[in-house]
2 protein chains.
Amino acid sequence: MKRDSRLSSVLHALLHLAEHQAPMTSEALAKCMATHPVVVRRTMGMLRAAGLVASARGHAGGWRITADLAAVTLRELHDVLGEPAVFAIGNRNETPGCLVEEAVNAALDDAFAQAEALLLERFARITLADLAADFARRHAERRAQDHERGDRDAL
Amino acid sequence: MKRDSRLSSVLHALLHLAEHQAPMTSEALAKCMATHPVVVRRTMGMLRAAGLVASARGHAGGWRITADLAAVTLRELHDVLGEPAVFAIGNRNETPGCLVEEAVNAALDDAFAQAEALLLERFARITLADLAADFARRHAERRAQDHERGDRDAL
DNA sequence: TTTCATGTAACTTCATTTATTACAAATTAG
DNA sequence: CTAATTTGTAATAAATGAAGTTACATGAAA
């Protein structure tokens, strides 16, 4: 099964937009995400419909964030993307033809529902601001490492 | 995305086998699961490799359970099926090209890992015997309903 | 020795995501 | 005004992976 990576994509895009204050074109976003500009427009279009980003055409156009980073959770983005199916595993028939299948479906559905609830609850606790902060931390760490390496090389 | 329904399939098959004490042919199993006999053989073959079922060829051949219903958990079946990917959602690139992607992946991976752990923990707590008991309960309930309807129709 | 049934490889179908092409519409630079 | 830039969107193709199907070999029992 091919995994839906749109949530990952939009997070990547939104954080890049948060770094830039100028709008970024679909082409620029596509390049840094190794995908196609049309895919970017298609996916970002859903965020625009939800009022999280804005786009402008023509020269100096592109995408920019309009939402508050601290107010947007992964859960909201998941919803904005249409709440795609979370699991790659599922029941053979959703409408059971026999009682055996009914019992099997009930057990699996229950377990999946619990796992999905946990996942969405975790998503609801993570904001774009959290990710941006984590990025900043990694960035500082990387710079510190580079610096250390530079010192060592300079000996 | 097409969901992997093999776990659901083998549960259905195993419970049917548990009801029958005589072996069931791939064709019989396929018929009650609305699938193809070869698909049954392919999937059940993985359970045979794990020693959970046995198959016999020729007249009066077919599939039978060799494992103790109370000892087989959904978790074990999931493992036997090769631990297929649980989620239909995932990271765009598993090997991040930039720090932004690293931060995004880390957050998503963490949430998915927690949800998967919960799911597998639930799976580990459900045995085939539990499902068989649930089936028996449903069966009794259904019979009671049928009986009631019979009484009403007889008025 | 015929029939039944599994074992397995090879191939097709089907569903779904992502990629691509093509072109319309809008905006700005010159 | 016109050309360049950039989004908007439809339509189509490629890629992926599960499930379905065909074909035939193997083995067991009547």
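We name chains A, B, ... by the order of the sequence lines, and we start the count at 1 in each one.
A donor N or O paired with an acceptor N or O is not found under 3.5 Å between the base of D:dA18 and the side-chain atoms of B:Arg42.
For the pair A:Arg64 CZ and D:dT7 P, the computed distance is 13 Å after rounding to whole Å. Between the CZ atom of A:Arg48 and the P atom of D:dT7 there is a distance of 10 Å, rounded to whole Å. Between A:Ile89 atom CD1 and D:dA19 atom P the separation is 10 Å, expressed in whole Å. Look at CE on A:Met46: it is 15 Å from C1' on D:dG8, rounded to the nearest Å. Across the protein-nucleic acid pair, B:Met33 atom CE and D:dA19 atom C1' stand 12 Å apart, rounded to whole Å. For the pair A:Met24 CE and D:dT5 C1', the interatomic distance rounds to 17 Å; values are reported in whole Å.
Taking every heavy atom of both residues into account, A:Leu74 and A:Leu7 meet most closely at O-CD1, 4.2 Å.
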**Request:** Show your reasoning for whether side-chain hydrogen bond (donor to acceptor under 3.5 Å, both in side chains) applies to B:Arg92 and A:Ser9.
**Result:** CA-CA 6 Å; B:Arg92 169 156 252 290; A:Ser9 284; 2.9 Å; yes
**Message:** Strictly under 4.0 angstrom, non-hydrogen atoms only: write out the protein contact profile of nucleotides 22-30 of chain D, one letter per nucleotide from the 5' end, B, S or -.
**Reply:** B---BBBB-
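Checking side-chain atoms of A:Ser8 against main-chain N and O of B:Asn105 turns up no donor-acceptor pair under 3.5 Å.
Applying the side chain to side chain contact (heavy atoms under 4.5 Å, CB included) criterion to A:Ala50, with sequence neighbours excluded, gives A:Leu52, A:Val80. Listed by chain and number, the residues in a side chain to side chain contact (heavy atoms under 4.5 Å, CB included) with B:Ala71 are B:Asp68 (sequence neighbours excluded).
A close approach under 4.0 Å does occur between a side-chain nitrogen or oxygen of A:Ser5 and OP1 or OP2 of C:dT18. Contact annotation: A:Thr35 side-chain N/O to C:dA19 OP1/OP2 distance is under 4.0 Å. Contact between the side-chain N/O atoms of A:Thr25 and the OP1/OP2 oxygens of D:dT5 is not found at any separation under 4.0 Å. Phosphate proximity of D:dT7 to A:Ser26: present, with a side-chain N or O under 4.0 Å from OP1 or OP2.
By the 30° and 60° cut-offs, the orientation of the rings of A:Phe87 relative to A:Phe112 is tilted.
Within the nucleic acid shown, A:Gly62 comes within 4.0 Å of sugar-phosphate atoms alone, with no base atom in reach, counting heavy atoms only.
Ion pairing between a basic and an acidic side chain is recognised when a charged N comes within 4.0 Å of a carboxylate O; A:Lys31 and A:Glu27 show no such pairing.
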